[in-house]
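Here is the structure we will look at, set down as C-alpha cells.
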Amino acid sequence: MSPKKLGLADLRRISDDDPGCDYETVAFDVTPGLHDWISGLLDTAQVAAEIGSVEDRWCAAHRKILEAHPYTNEVVSPIYRAKAADFGCITCHVTADEYGGTDTEGRGNCPTILALAEGYGLDDEEAA
C-alpha cells in the first residue's frame, strides 16, 4: 500500500496567509497508514539484509523510531483547530489537560515519522 504522497513541506504555517489570525496554526499531514507502510517496507528490507549487516542495523534503528512514536486514535481536538485528525502521535502530540493529566491531540503524522517516511520515498515531487 502506498500512502498519499506528501512531504515535510506539507507541514506549513497557514497563519502567515491570514491577517486575522493572531496565533499560530499549522496544516496537518493526515496520510492514513503511514506507520504501517513504513513497517511493511522495513519487513521487506530486513528479509533481504544479512544478519548483523549495516542494512540490518538500519532496519533495527528505524523500528526503534517507529516504536518510540506510537499512534493512537483516542485523541482530542487541538484547541486552535475546529476539527482534529483521527489520530496522533503519543510522543509528539501530548498536551496537558485541565485535570493535570495528559491527552493526545489529533494532529495526524508527527514530523519524526514524516522524516522517516521521506527516506522511504515520501516526497513532494510525486505529490505534484
### Message
Looking at D103, is its backbone amide N or carbonyl O close enough to the side chain of T95 to form a donor-acceptor pair, meaning the two atoms are under 3.5 Å apart?
### Response
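Judged by distance alone, no pair lies under 3.5 Å.
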### Task
Give a yes or no answer on whether the side chain of H93 reaches the backbone of V75 with a donor-acceptor pair at less than 3.5 Å.
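Flag not set: sc H93 to bb V75 has no pair under 3.5 Å.
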With a 4.5 Å heavy-atom cut-off, do [X] and [Y] have their side chains touching?
X    : Y    : result
D86  : N73  : no
R107 : C89  : no
H62  : Y120 : yes
T104 : F87  : no

Quick one: [atom1] on [X] to [atom2] on [Y], what's the gap to the nearest 0.5 Å?
X   : Y    : atom1 : atom2 : result
L34 : L66  : CG    : CG    : 9.0 Å
H35 : H69  : NE2   : NE2   : 8.0 Å
K64 : C59  : NZ    : SG    : 12.5 Å
I38 : E118 : CD1   : CD    : 11.0 Å
T91 : I65  : OG1   : CD1   : 12.0 Å
E74 : I90  : CD    : CD1   : 8.5 Å

### Task
Quick one: closest heavy-atom pair of G108 and A85, and the distance?
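Taking G108 first and A85 second, the nearest heavy atoms are N-CB, 3.4 Å.
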### Query
Quick one: do L41 and Y71 end up in the same hydrophobic cluster if we chain Ile, Leu, Val, Met, Phe, Trp and Tyr together by side-chain heavy atoms under 4.5 Å apart?
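Linked, L41 and Y71 end up in one cluster.
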### Message
Using the rule that Ile, Leu, Val, Met, Phe, Trp and Tyr join whenever any side-chain heavy atoms are under 4.5 Å apart, tell me whether L114 and W37 fall into a single cluster.
### Response
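Yes; tracing contacts between hydrophobic side chains, which count when under 4.5 Å, links both residues.
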### Query
Do S53 and E55 get their side chains close enough for a donor-acceptor pair, meaning under 3.5 Å?
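Yes.
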